[in-house]
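Just the heavy atoms: all of them, side chains too, but no hydrogens, waters or symmetry mates, feed the values below. Note on naming: letters A, B, ... go to the chains in the order of the sequence lines (proteins, then strands), and numbering restarts at 1 for each one.
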Number of protein chains: 2
Amino acid sequence: MTRPTSRDVAHAAGVSQATVSLVLGDKWRGRVSERTAGLVREAAAGLGYRPNLAARSLRLGSTRTALLVVPALTNEYFARVHTGAARVAAEHGFGVVLYLSPDGTGPAKDPFASASAALDGVIASSMAADALEAIGGSELPLVMLDSDPAAGGAAAFVNLDLAGGVREAVAHLRGLGHRRIRHLAADVPSWTFRIRADTLAAELGGPAPDTVRSALNVPAATAAMERALATDLAAPAAGRPTAVLCDDDILAVGACKAARRLGLRVPEDLSVTGFDDVALATAVEPELTTVSLPAERVGEQGMRALLTVLEGGTWRAPDLPVALTVRGSTAPPPTGP
Amino acid sequence: MTRPTSRDVAHAAGVSQATVSLVLGDKWRGRVSERTAGLVREAAAGLGYRPNLAARSLRLGSTRTALLVVPALTNEYFARVHTGAARVAAEHGFGVVLYLSPDGTGPAKDPFASASAALDGVIASSMAADALEAIGGSELPLVMLDSDPAAGGAAAFVNLDLAGGVREAVAHLRGLGHRRIRHLAADVPSWTFRIRADTLAAELGGPAPDTVRSALNVPAATAAMERALATDLAAPAAGRPTAVLCDDDILAVGACKAARRLGLRVPEDLSVTGFDDVALATAVEPELTTVSLPAERVGEQGMRALLTVLEGGTWRAPDLPVALTVRGSTAPPPTGP
DNA sequence: CTGTTAGCGCTTTCAT
DNA sequence: ATGAAAGCGCTAACAG
């Protein structure tokens with residue numbers, strides 16, 4: 001009752017192992033007769049033959065497996081990136097194994113200590129940069145997601161037009177009449193967030209004066225924003241920020257909660273915009289005006305880029321477009337008293 | 001500049017390959033001298049040696065890899081199950097590879113078509129039952145999560161005390177004064193939801209009269225509940241359901257949105273309870289009263305169970321306890337007009 | 001204590 | 001058109 005090997009198939013079909021390999025590897029055109037090929041396939045199916053991947057990898061020297069390095073899957077954005085990457089991988093007979101960077105209690109200190117760590121390449125998010133240090137020495141092809149292209153160090157980059165998203169959000173708020181915009185920034189030292197801050201500063205014509213930082217979870221964002229709002233309310237109303245641009249939907253949700261706790265209505269008293277457009281954005285009320293990011297496409301492109309690099313090619317592509325989705329959390333600022 | 005093999009290490013250390021294997025495999029006590037062992041480790045470190053997992057798997061016949069079958073990681077519950085499973089796996093030198101069942105566009109039709117599919121065992125959620133059919137023929141050890149233990153077919157089961165959770169929720173609502181409780185059920189043919197319905201029916205002393213079914217996403221739940229509520233409001237107030245027990249936090253969020261759209265306040269006019277206690281539950285307002293499920297523990301236990309089975313052991317454990325977390329979405333029913 | 005040897009299941013020349 | 005044989009890197013008997 002042990003698993004059938006290619007030798008068993010060969011024996012059953014009355015041919016040699018080599019022939020089995022050719023037929024099943026789809027490399028037999030003109031080298032094996034139609035009839036023999038049929039016999040082999042029948043025998044394989046009959047025995048329920050499955051090639052032993054370990055043996056194949058050993059022989060071929062490649063595992064057809066990519067490592068995806070992200071901070072955590074509980075962040076829906078990354079769950080979607082994974083989905084996209086896994087889909088494209090599967091289409092090409094590749095597998096994806098995850099390495100969750102040590103933000104939480106990541107699975108392993110060293111991605112290569114993990115048993116599945118026989119890898120052909122790595123796809124990594126900028127939010128998992130620290131984890132990459134562990135990989136550092138490795139000579140594997142690397143594709144960076146949402147990272148500073150100028151930084152180099154990777155074989156390919158997949159980026160979103162985040163600057164465009166920020167500009168769209170700012171234009172939307174300005175169009176509504178907002179003059180002073182606060183920035184609720186993610187307190188994460190990652191390029192994907194720095195570019196938001198830099199773009200906002202450029203838009204506002206100077207370093208953003210009203211920046212608040214918060215960890216990437218709702219309670220932290222609520223607390224941070226509550227403090228900021230309390231300060232604002234204590235000061236004269238004139239010139240007070242009337243809108244908050246948030247680095248992430250999670251932060252935006254926190255901002256909304258904070259506003260409501262202090263008796264402010266969203267969007268009548270305070271406008272809020274988010275980033276990502278995950279399910280959360282439409283789960284809350286009011287639904288969030290937010291910059292929609294094509295998370296799955298990021299994963300897909302990342303995998304395509306890696307595949308291309310592995311084939312010796314070069315990967316170049318424009319930034320993925322993003323778009324502001326206007327919903328209920330933004331409105332004109334309150335009119336004077 | 002090719003990757004060093006154990007032979008290279010042996011050569012560098014001036015010993016044989018076998019000795020290297022013993023030392024690095026930590027099986028050298030009393031068989032190799034301290035000094036030689038040190039030499040080997042030094043040489044390995046110096047060369048940056050990494051064992052070739054494919055070769056090891058081939059030799060050992062086991063891959064130290066488990067397949068985790070879940071519907072989708074974008075559901076935070078399953079992302080957390082994965083986190084738990086991956087942690088325990090890593091502690092034991094195992095890897096976890098994911099198979100997302102075809103609810104969405106799963107990565108592959110056949111989990112074993114995937115390249116990473118050199119597996120020692122499978123851990124599967126009951127919500128991914130269809131995917132298991134594809135695996136059907138396989139002789140791999142199987143651990144089922146949240147599935148009917150009476151159904152058999154698996155080497156081990158990891159279950160939650162969902163019935164206890166339902167009973168707690170009902171008791172809570174009854175204690176507040178609710179007499180008629182509606183059930184917003186997940187329209188998913190999976191044991192984890194059937195047990196909720198069955199327990200509720202038992203509690204109510206008969207088949208739940210006010211059941212509404214919905215797909216597991218916020219918009220669907222909102223729509224389904226909106227319809228139900230509209231009917232209720234058209235009927236006389238007396239005897240109208242005053243509380244909704246939802247199979248999942250996602251559904252509960254939908255129920256809250258529906259209520260608000262029809263001008264009902266939560267919890268003053270309608271009480272709502274959820275299931276899972278994911279981040280969403282505290283992101284919305286009011287925060288959800290919900291049955292908290294230890295998702296990561298489910299993943300951990302699942303992996304432990306599989307490890308035990310792989311070692312030839314038998315796994316038995318009581319259902320994991322759950323607990324109702326009371327927050328703002330439940331209150332006494334409205335008093336008569 | 002350490003080295004030699006065989007072989008896991010597969011792919012791929014090279015003969016025939 | 002097919003078969004024989006070598007070898008990928010590792011581990012586990014068995015010798016010495």
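- When the P atom of D:dA1 is taken as reference, atom CH2 of A:Trp28 falls 10 Å away, rounded to whole Å.
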Close N or O pairs between protein and nucleotides 3-5 of chain C (under 3.5 Å):
unit_1	atom_1	unit_2	atom_2	d
C:dG3	OP2	B:Ser16	N	2.8
C:dG3	OP2	B:Ser16	OG	3.4
C:dG3	OP2	B:Thr19	OG1	3.1

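- Using a 4.0 Å heavy-atom criterion, one finds that A:Gly30 contacts the sugar-phosphate atoms exclusively.
- If you take CG of B:Leu24 and P of D:dA12, they are 13 Å apart, rounded to a whole angstrom.
- Under the salt bridge (charged side-chain N to carboxylate O under 4.0 Å, His left out) criterion, the residue pairs touching residues 28-47 of chain A are A:Asp26-A:Arg29, with sequence neighbours excluded.
- Annotation: side chain of B:Ile123 is not in contact with side chain of B:Val69 (no heavy-atom distance under 4.5 Å).
- The nucleotide whose nearest atom lies closest to any side-chain atom of B:Val32 is, among C:dT2, D:dC10, D:dA12, C:dT2.
- For B:Thr5, the listed nucleotide lying nearest its side chain is D:dG9; candidates were D:dT2, D:dG9, D:dT11.
- The phosphate of C:dC10 (OP1 or OP2) has no side-chain N or O of A:Ser57 nearer than 4.0 angstrom.
- With rounding to whole Å, A:Arg56 atom CZ is found 15 Å from C:dG9 atom P.
- Under the 4.5 Å side-chain criterion, counting only non-hydrogen atoms from C-beta, B:Asp276 is not in contact with B:Glu76.
- Phosphate contact (OP1/OP2 of C:dT2, side-chain N/O of B:Ser33, threshold under 4.0 Å): present.
- Comparing A:Val20 and B:Ala37 by the nucleotide of DNA chain C that holds the closest heavy atom to each, the one mapping nearer the 5' end is B:Ala37.
- Atom NE2 in A:His11 sits roughly 17 Å away from atom C1' in C:dG9 (whole-Å rounding).
- Nearest-nucleotide positions on DNA chain D place B:Ser21 closer to the 5' end than the other of B:Arg31 and B:Ser21.
- A side chain to side chain contact (heavy atoms under 4.5 Å, CB included) with A:Phe94 is found for exactly one of A:Thr63, A:Asp120, A:Val88, namely A:Asp120.
- A:Asp26 places its CG atom 17 Å from the C1' atom of C:dT12, with the value rounded to the nearest Å.
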Q | Residues B:Asn52, B:Thr5; criterion side-chain contact (heavy atoms from CB on, under 4.5 Å); working and verdict | A | CA-CA 8 Å; B:Asn52 178 319; B:Thr5 73; over 6 Å; no

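- When rounded to the nearest whole Å, the span between CZ of B:Arg64 and C1' of D:dC10 equals 15 Å.
- Contact annotation: A:Ser6 does not reach the phosphate of C:dG9 (side-chain N/O to OP1 or OP2, under 4.0 Å).
- The nearest whole Å value for the distance from the CZ atom in A:Arg7 to the P atom in D:dA5 is 13 Å.
- The side chain of A:Pro51 approaches C:dC10 more closely than any other nucleotide in the set D:dA12, C:dC10, D:dC8.
- Closest approach of A:Ser147 to A:Trp191, counting heavy atoms only: C-CE3, 3.4 Å.
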Q: Go through the steps for B:Leu100 and A:His82 under the test side-chain contact (heavy atoms from CB on, under 4.5 Å), then give the verdict.
A: CA-CA 11 Å; B:Leu100 305 186; A:His82 171 265; 4.1 Å; yes

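- Between the C1' atom of C:dC1 and the CZ atom of B:Arg35 lies a distance of 12 Å, rounded to the nearest Å.
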